[in-house]
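Contents: one structure, followed by commentary.
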Amino acid sequence: MKVALVYTGTTPELIELVEKEVRQLLPKDTEIISNQDPSIIAEVREAGYVTAPPAARLVSMFMKAVCDGADAILNICSSVGEVADAAQDIGKYTGIPIVRIDEEMCREAVKEGDRIGVMATLSTTLTPTKNTIMRVAREMNKHVELVDVLVDGGFGLDQEQFKELMTKYAGEICDKVDVILFAQGSMAYCEEYIHQKYGKPVLSSPRFGALALREALVKQGLLK
């Protein structure tokens, strides 16, 4: 069995977190392909939204994974999650599912509460994540309110410094929300710490993405 992980952000923390979660849930002999193009997120950040060229390159990465023999594809970047949505019909046609890392996390957030806090270090990640939350809320016939916070000043910090910064910003919204959602997978190592400090459910995408990838393989009949 072979799976492809498609990255547009390539921080060591993110890659380590995602691969750890995926390897825990899939058989040991599963081959993991890591496709990376950090220029995609760089262009999205510069433009402030997903323009046509980076969207096209992301779809090309999905198709490369298909050509490389992947049985399922996990899209890691939430900023381009809606491109993955647009590619779903291609995934159905080829028989190779394209799974978003964050969709099931958003669905869980809607189950957890009516007021959802969304944390991100990039403004380009906030909007598509909020769009996904609102979409799954409509699918679940539930009204939710979103409280978003842009974590400013995180660039260049080590893990402990970043954890402190995340905790500061989480504290500003914790009384206004029922659940806190991290819009970027690279934030995941702060999840348990902030949950313990504020007593709120805190959700990050790597574990949900890995579960969704495994479920896609089960539906393919490749896992039980």
Side-chain angles (χ1 to χ4, degrees), residues 3-11 14-15 17-22 25-26 32-38 40-41 44 49-50 54-66 70-112 116 118-120 122 124-140 144 146 148 179 181-188 191 203-220:
V3 297
L5 309 181
V6 175
Y7 295 91
T8 65
T10 55
T11 64
L14 177 61
I15 294 171
L17 285 164
V18 171
E19 294 202 2
K20 176 183 175 183
E21 295 289 347
V22 169
L25 291 180
L26 299 185
I32 296 178
I33 308 169
S34 181
N35 292 345
Q36 305 174 12
D37 185 353
I40 291 176
I41 193 62
V44 171
Y49 65 102
V50 183
R57 294 205 304 280
L58 182 66
V59 174
S60 295
M61 292 174 75
F62 295 153
M63 295 304 96
K64 182 181 185 302
V66 173
D71 296 300
I73 300 165
L74 180 62
N75 179 70
I76 308 300
C77 180
S78 296
S79 290
V80 295
E82 289 169 317
V83 181
D85 288 341
Q88 291 300 319
D89 284 344
I90 301 174
K92 291 174 184 176
Y93 183 80
T94 60
I96 310 302
I98 300 169
V99 179
R100 285 182 57 166
I101 193 171
D102 56 350
E103 182 165 353
E104 290 307 312
M105 173 185 66
C106 293
R107 203 175 302 279
E108 180 64 24
V110 173
K111 292 177 184 177
E112 289 277 357
I116 301 170
V118 184
M119 299 184 69
L122 300 174
T124 52
T125 312
L126 280 175
T127 298
T129 302
K130 289 161 63 177
N131 289 345
T132 302
I133 295 169
M134 297 308 293
R135 172 174 63 80
V136 299
R138 287 193 301 272
E139 292 170 358
M140 297 167 69
V144 296
L146 304 183
D148 61 65
V179 56
L181 178 148
F182 292 165
Q184 289 156 242
S186 55
M187 297 173 159
E191 179 181 341
L203 307 178
S204 63
S205 58
R207 58 193 174 96
F208 286 97
L211 285 165
L213 182 65
R214 188 183 192 286
E215 181 59 27
L217 292 165
V218 170
K219 289 180 180 178
Q220 295 289 93

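Nothing fancy with the numbering, it's 1 onward along the sequence. Small disclaimer: the values here were computed from a predicted structure and weren't measured.
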Tell me the closest heavy-atom pair linking [X] and [Y], and the distance in Å.
X	Y	value
Gly81	Asn75	CA-ND2, 4.0 Å
Pro97	Gly95	CD-O, 3.5 Å
Val179	Ala109	CG1-O, 3.7 Å
Met61	Tyr7	CE-O, 3.7 Å
Gly209	Leu74	O-CD1, 3.7 Å
Leu14	Gly9	CD2-O, 3.5 Å

Close side-chain approach of [X] and [Y], heavy atoms under 4.5 Å:
X	Y	answer
Leu181	Asp102	no
Met134	Leu146	yes
Asp71	Gln220	no
Ser186	Leu17	no
Glu139	Val110	no
Leu211	Glu104	no

Would you give the length of the straight line joining atom [atom1] of [X] to atom [atom2] of [Y], rounded to the nearest 0.5 angstrom?
X	Y	atom1	atom2	value
Met63	Ile96	CE	CD1	9.0 Å
Leu25	Leu217	CG	CG	10.5 Å
Ile116	Lys130	CD1	NZ	12.0 Å
Leu5	Glu19	CG	CD	6.0 Å
Cys106	Ile101	SG	CD1	11.0 Å
Asp148	Met119	CG	CE	11.0 Å

Going by atom type alone, with no hydrogens or angles, which donor-acceptor pairs under 3.5 Å involve a side-chain atom of residues 86-93 and a protein atom two or more places apart or on another chain?
{"from": "Gln88", "atom 1": "NE2", "to": "Ala84", "atom 2": "O", "distance (Å)": "3.1"}
{"from": "Gln88", "atom 1": "NE2", "to": "Ile98", "atom 2": "O", "distance (Å)": "2.7"}

Original post:
What residues, two or more places apart in sequence or in another chain, satisfy side-chain contact (heavy atoms from CB on, under 4.5 Å) together with Thr8?
Top reply: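 For Thr8 the side-chain contact (heavy atoms from CB on, under 4.5 Å) partners, ignoring immediate neighbours, are Ile40, Ile41, Leu58, Cys77, Val80.
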Original post:
Between Glu82 and Asn131, does any side-chain donor sit less than 3.5 Å from a side-chain acceptor?
Top reply: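 Their side chains do contain a donor-acceptor pair, which is all the 3.5 Å distance test asks for.
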Subject >> Main-chain N/O of Ala183 paired to Ser78 side chain as donor or acceptor, under 3.5 Å >> reply: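 A pair under 3.5 Å: yes.
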Would you please name every residue forming a side-chain hydrogen bond (donor to acceptor under 3.5 Å, both in side chains) with [X], sequence neighbours left out?
X	result
Thr124	none
Lys64	Asp68
Gln36	Ser34

**OP:** Would you please test Leu213 and Leu26 for side chain to side chain contact (heavy atoms under 4.5 Å, CB included) and show each step?
**Re:** CA-CA 9 Å; Leu213 182 65; Leu26 299 185; 4.2 Å; yes
**OP:** Could I get the full list of salt bridge (charged side-chain N to carboxylate O under 4.0 Å, His left out) partners for Glu191, not counting sequence neighbours?
**Re:**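 If we apply the salt bridge (charged side-chain N to carboxylate O under 4.0 Å, His left out) test to Glu191, skipping adjacent residues, the hits are Arg207.
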**OP:** Evaluate the side chain to side chain contact (heavy atoms under 4.5 Å, CB included) criterion for residues Ser205 and Met105: first the C-alpha distance (whole Å), next the side-chain angles of each, then the deciding distance (0.1 Å), finally the verdict.
**Re:** CA-CA 6 Å; Ser205 58; Met105 173 185 66; 3.9 Å; yes
